Amino acid sequence: MKWENKNIRKKRKFLEIIGIYEIISGSIGIGFFLYGAFTIGSFSFFNILLILIFLGFYSMTIYAGIKLFKYHEKMITYSKIVQYIQIPSIAVLGFAFTMFAGFSFIIGIDYTNELLFKFNLGLLPSNSEIRINRHSSEIFGYINLIPVFIIYLIDSLEFRIKNETKELKIE
């Protein structure tokens, strides 16, 4: 598609930046995760399954970033899915789920020992954890605000690009 309008080009440039962010954070996530996975030492079925899940997630992050960078309209959904996966972080009754590819700004409640409201800025570009049936007393629920902001940006930019493209076709 020819980029005829300066405003559309500018909005697509923002999407390209988000795509680059996803490519870099997914690549760093794979690097950190592989390093951590091979320093564990023991490979049970569950560990291998987790490795495949995390590698799949980080690979999908890279794929989504590439598609967003190249601006494939129909593929923007992949970036949104990757971002939605990163919003919740929860631990209760031995089950825990945390999956971040990129920076994080987390707000939430930690009820492990007492009721605490927490804020956390994660500068490490990836953090992932899935625990099942672990004898852990952790109880928390967090929301990562960075992917919420990215989803909002993607939606608003996509909406504006579509509207401006329609206006160009009408003229």
Side-chain angles (χ1 to χ4, degrees), residues 15 17-69 72 74-158:
L15 290 175
I17 291 168
I18 295 170
I20 291 169
Y21 167 77
E22 288 181 342
I23 293 166
I24 291 171
S25 61
S27 300
I28 291 172
I30 285 177
F32 278 134
F33 189 75
L34 286 177
Y35 173 77
F38 289 113
T39 57
I40 291 173
S42 67
F43 286 100
S44 66
F45 173 75
F46 183 69
N47 286 346
I48 293 171
L49 183 63
L50 287 179
I51 289 170
L52 293 175
I53 288 170
F54 290 132
L55 288 178
F57 171 71
Y58 290 126
S59 298
M60 184 176 169
T61 303
I62 294 168
Y63 178 75
I66 291 168
K67 293 301 181 182
L68 192 60
F69 180 78
H72 290 257
K74 296 178 181 175
M75 299 295 186
I76 288 178
T77 305
Y78 285 117
S79 285
K80 290 184 202 176
I81 290 169
V82 164
Q83 298 304 321
Y84 279 119
I85 290 171
Q86 298 178 69
I87 292 174
S89 184
I90 187 167
V92 65
L93 302 173
F95 168 81
F97 173 82
T98 300
M99 197 165 299
F100 304 142
F103 301 110
S104 58
F105 179 64
I106 299 166
I107 62 169
I109 297 172
D110 187 341
Y111 195 65
T112 302
N113 296 318
E114 60 183 299
L115 183 61
L116 297 172
F117 292 98
K118 288 200 171 184
F119 299 91
N120 189 10
L121 179 63
L123 299 178
L124 182 65
S126 97
N127 179 15
S128 300
E129 175 182 36
I130 295 177
R131 286 182 283 159
I132 299 173
N133 282 336
R134 303 292 170 136
H135 298 290
S136 174
S137 60
E138 282 186 308
I139 301 172
F140 64 76
Y142 303 131
I143 294 175
N144 185 1
L145 295 179
I146 300 288
V148 172
F149 176 69
I150 291 174
I151 291 168
Y152 170 77
L153 268 178
I154 291 172
D155 281 341
S156 64
L157 290 168
E158 181 183 27

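All of these numbers come straight from a predicted model, not from anything done at the bench.
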Exercise for the section: Given side chain to side chain contact (heavy atoms under 4.5 Å, CB included), test I90 with F95 step by step and report yes or no. Expected result: CA-CA 8 Å; I90 187 167; F95 168 81; 4.2 Å; yes
Looking at [X] and [Y], what are the two nearest heavy atoms and their distance?
X: L34; Y: L55; value: CD2-CD2, 3.9 Å
X: S25; Y: A101; value: OG-O, 3.4 Å
X: E22; Y: S79; value: OE1-OG, 2.8 Å
X: G19; Y: L68; value: N-CD2, 3.8 Å
X: I30; Y: S59; value: CD1-OG, 3.9 Å
X: I139; Y: T112; value: N-OG1, 3.2 Å

Problem - Residues forming a ring-ring contact (aromatic ring centres under 6.0 Å, His included) with Y21, sequence neighbours excluded - result: none
Practice task
Tell me, please, which residues at least two apart from F57 pass ring-ring contact (aromatic ring centres under 6.0 Å, His included).
Solution key: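 With neighbours one apart ignored, the set is empty.
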Nearest-0.5 Å distance that lies between atom [atom1] in [X] and atom [atom2] in [Y]:
X: S104; Y: N120; atom1: OG; atom2: CG; result: 6.0 Å
X: K67; Y: I62; atom1: NZ; atom2: CD1; result: 14.0 Å
X: E158; Y: L15; atom1: CD; atom2: CG; result: 8.0 Å
X: I109; Y: L115; atom1: CD1; atom2: CG; result: 6.0 Å
X: I18; Y: F69; atom1: CD1; atom2: CZ; result: 13.0 Å
X: F33; Y: I51; atom1: CZ; atom2: CD1; result: 5.5 Å

Exercise for the section: Dump the intermediate steps for side chain to side chain contact (heavy atoms under 4.5 Å, CB included) on L116 and K118, then the final yes or no. Expected result: CA-CA 6 Å; L116 297 172; K118 288 200 171 184; 4.3 Å; yes
Problem - Short side-chain to backbone donor-acceptor contact, N144 and I106, under 3.5 Å - result: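 No; judged by distance alone, with no hydrogens or angles, the pair does not exist.
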Heavy-atom neighbours of [X] [atom1] exceed 12 at 6.0 Å:
X: L93; atom1: CG; result: no
X: Y111; atom1: OH; result: no
X: I143; atom1: CD1; result: no

Practice task
Taking side chain to side chain donor-acceptor pair (under 3.5 Å) as the test, write out the residues that go with Q86, two or more places apart.
Solution key: none
Problem - side chain to side chain contact (heavy atoms under 4.5 Å, CB included) partners of I130, counting only residues at least two apart - result: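 Expected list: L50, I53, F54, F97, M99, I132.
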Problem - Sequence-distant partners of S89, side chain to side chain contact (heavy atoms under 4.5 Å, CB included), two or more places apart - result: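 Counting only residues at least two positions away or on another chain, S89 forms a side chain to side chain contact (heavy atoms under 4.5 Å, CB included) with T98, F100, F140, Y142.
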Handout entry: Aromatic plane relationship, Y63 with Y78 - under 30° parallel, 30 to 60° tilted, over 60° perpendicular
Key = perpendicular
Going by atom type alone, with no hydrogens or angles, which donor-acceptor pairs under 3.5 Å involve a side-chain atom of residues 145-155 and a protein atom two or more places apart or on another chain?
{"from": "D155", "atom 1": "OD1", "to": "K80", "atom 2": "NZ", "distance (Å)": "2.6"}

